[in-house]
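Reviewing the structure listed below.
None of the values given here were measured: they were computed from a predicted structure. Here is the naming used below: chain letters follow the sequence lines, and residue numbers restart at 1 for every chain.
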There are 2 protein chains.
Amino acid sequence: MEKKLTDKQRDLIESFGVVQESMGLSPASARVNALLTIADTVELTFDDIREALELSKSATSNAINNLLMLKRIGYKTKPGDRKRYFYSKMGQWQDAFMDSMNGLTGYNELLKNILKNRTKDSIEFNAQLKELTDFIDYYQKESIKIIKNWKK
Amino acid sequence: MEKKLTDKQRDLIESFGVVQESMGLSPASARVNALLTIADTVELTFDDIREALELSKSATSNAINNLLMLKRIGYKTKPGDRKRYFYSKMGQWQDAFMDSMNGLTGYNELLKNILKNRTKDSIEFNAQLKELTDFIDYYQKESIKIIKNWKK
DNA sequence: TTTTTAGTTCTGCAATAAGAGAACTAAAAA
DNA sequence: TTTTTAGTTCTCTTATTGCAGAACTAAAAA
């Protein structure tokens, strides 16, 4: 049993939850992740989470496993204690940014392929499409540079 | 009535459609946008789109209006012709990048707010959270810089 | 005035997502 | 050995999405 959340914390969990829903998480996953970002105790058990968010066991289990798969959270165990202690994987956002940049490659390949297969008649349209693929290449390279330059 | 699509074009529309679905568009919207990127004719009417993609009128109407709202497409009319001619708004991608960067501000404000309200006891966690908000500030500023530097 | 055009809106259905609650399971404790 | 713990999995319900098809509408054409 965990320390109860303050009203302010509940508010923040709700706000952060909504934002993360808009970024693709299910309501329950979004709130679990928010809870692990906002609660005073950094490591919470299954039941801490269930009670704090008033979720069913299935919703809690699915949300946790979803976040584990996404590597948004991790867990550790303590000697002589069967429970898992879940925590937000905050330190891993740089990799996430990097991944999203590298993810652009496939998208841009597709755009280049579209351009290659386009009729040569639509000169202006093709020029715009070319500029877009150039821009994405540029943006990707520069972004990776600035990420690498961070605190170095 | 428009020129029929080649098999290659159908393939590309499907691939691009799937990618855009994963970026939040509905199946129909994703395909309409893909069609307007891939078809030889750059400007297509409602019925061109409906026939090319074999959609119902309602699906076509909703997809088009959805894309118009998102400013992913635009339309023009021709003198003495009541139809609207829809086209992909390719040239406006930089603005979209810019918008998504500016959109980070709200997210980061929320994170800063969370940090401000956290217990001071979780020293390492708070330090990580602080580093994240610093990074987002940095990344946002640098990204805007590189976007502005594009072809200038 | 009637008909056609270029859509929009409404109705209904099928598929999917999200979560509650209960049944289940495997390991540890009693 | 039985019970408890720490979850997982299954079943059911409800809500939402996405679309087809039909009914509708407003402007233009005939």
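Secondary-structure stems of DNA chain D, taken as three or more successive Watson-Crick or G-U wobble pairs (i with j, i+1 with j-1) under a 3.5 Å distance threshold, comprise C:1-30 with D:1-30.
The CZ atom of A:F16 lies 4.0 Å from the OH atom of B:Y107; values are rounded to the nearest 0.5 Å. The line from CD1 of B:I146 to CD1 of A:I146 is 5.0 Å long, rounded to the nearest 0.5 Å. Taken to the nearest 0.5 Å, the OG1 atom of A:T45 stands 6.5 Å off from the NZ atom of A:K83. The structure places CD of A:E131 at 10.5 Å from CG of A:L129, a figure rounded to the nearest 0.5 Å. A:S26 OG to A:Q20 CD: the interatomic distance, rounded to the nearest 0.5 Å, is 10.5 Å.
Rounded to whole Å, the distance from CG on A:L25 to P on C:dA17 is 15 Å. The NZ-P distance, from A:K83 to D:dG7, rounds to 8 Å in whole Å. For the pair B:F46 CZ and C:dT4 P, the interatomic distance rounds to 19 Å; values are reported in whole Å. In this entry the distance linking CG of B:D47 with C1' of C:dG7 reads 9 Å, nearest Å. Taking atom CD of residue B:E51 and atom C1' of nucleotide C:dT5, one finds them 14 Å apart after rounding to whole Å. Here the P atom of nucleotide D:dG18 and the CD atom of B:Q20 are 15 Å apart, to the nearest Å. A:R31 has its CZ atom 17 Å from the C1' atom of C:dA20, to the nearest Å. In this structure, A:D81 atom CG and D:dT5 atom C1' are separated by 10 Å, rounded to whole Å.
No donor-acceptor pair under 3.5 Å is formed between the side chain of A:S61 and the backbone N or O of A:K57.
For A:D40, the side-chain hydrogen bond (donor to acceptor under 3.5 Å, both in side chains) partners at least two apart in sequence or on another chain are A:K3, A:Q9. Take B:K130 and apply the side-chain hydrogen bond (donor to acceptor under 3.5 Å, both in side chains) test, not counting sequence neighbours, and it matches B:D134.
Proximity note for A:S26 (side chain, C-beta onward) versus D:dC19, C:dA18, C:dT8: the nearest is C:dA18. Among the nucleotides D:dG18, C:dG7, C:dA18, the one closest to the side chain of A:P27 is C:dA18. Among C:dA6, D:dG7, C:dG7, the nucleotide with an atom closest to any side-chain atom of A:R84 is D:dG7.
Legend: side chain to side chain donor-acceptor pair (under 3.5 Å) pairs involving residues 91-102 of chain B, not counting sequence neighbours: none detected.
Side chain to side chain, B:T119 and B:S122 fail the donor-acceptor criterion of an N or O pair below 3.5 Å. Neither side chain, A:N62 nor A:N66, offers a donor N or O lying under 3.5 Å from an acceptor on the other.
Within the 4.0 angstrom heavy-atom criterion, base atoms lie near B:S61. The residue B:N65 sits close only to the backbone: its heavy atoms come under 4.0 Å of sugar-phosphate atoms, none of a base.
Side-chain rings of B:F135 and A:F97 approach one another, their centers coming within less than 6.0 Å.
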If the sugar-phosphate is the primed atoms plus P, OP1 and OP2 and the base is the rest, what is the B/S/- string for nucleotides 23-30 of chain D, using protein heavy atoms under 4.0 Å?
----BS--
Would you mind building the protein contact string for nucleotides 10-16 of chain D? One character per nucleotide, 5' to 3', B for base within reach (heavy atoms under 4.0 Å), S for sugar-phosphate only, - for untouched.
B------
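Nearer to the 5' terminus of DNA chain C, by closest-nucleotide assignment, is the contact made by B:T60 (compared with the other of A:S29 and B:T60).
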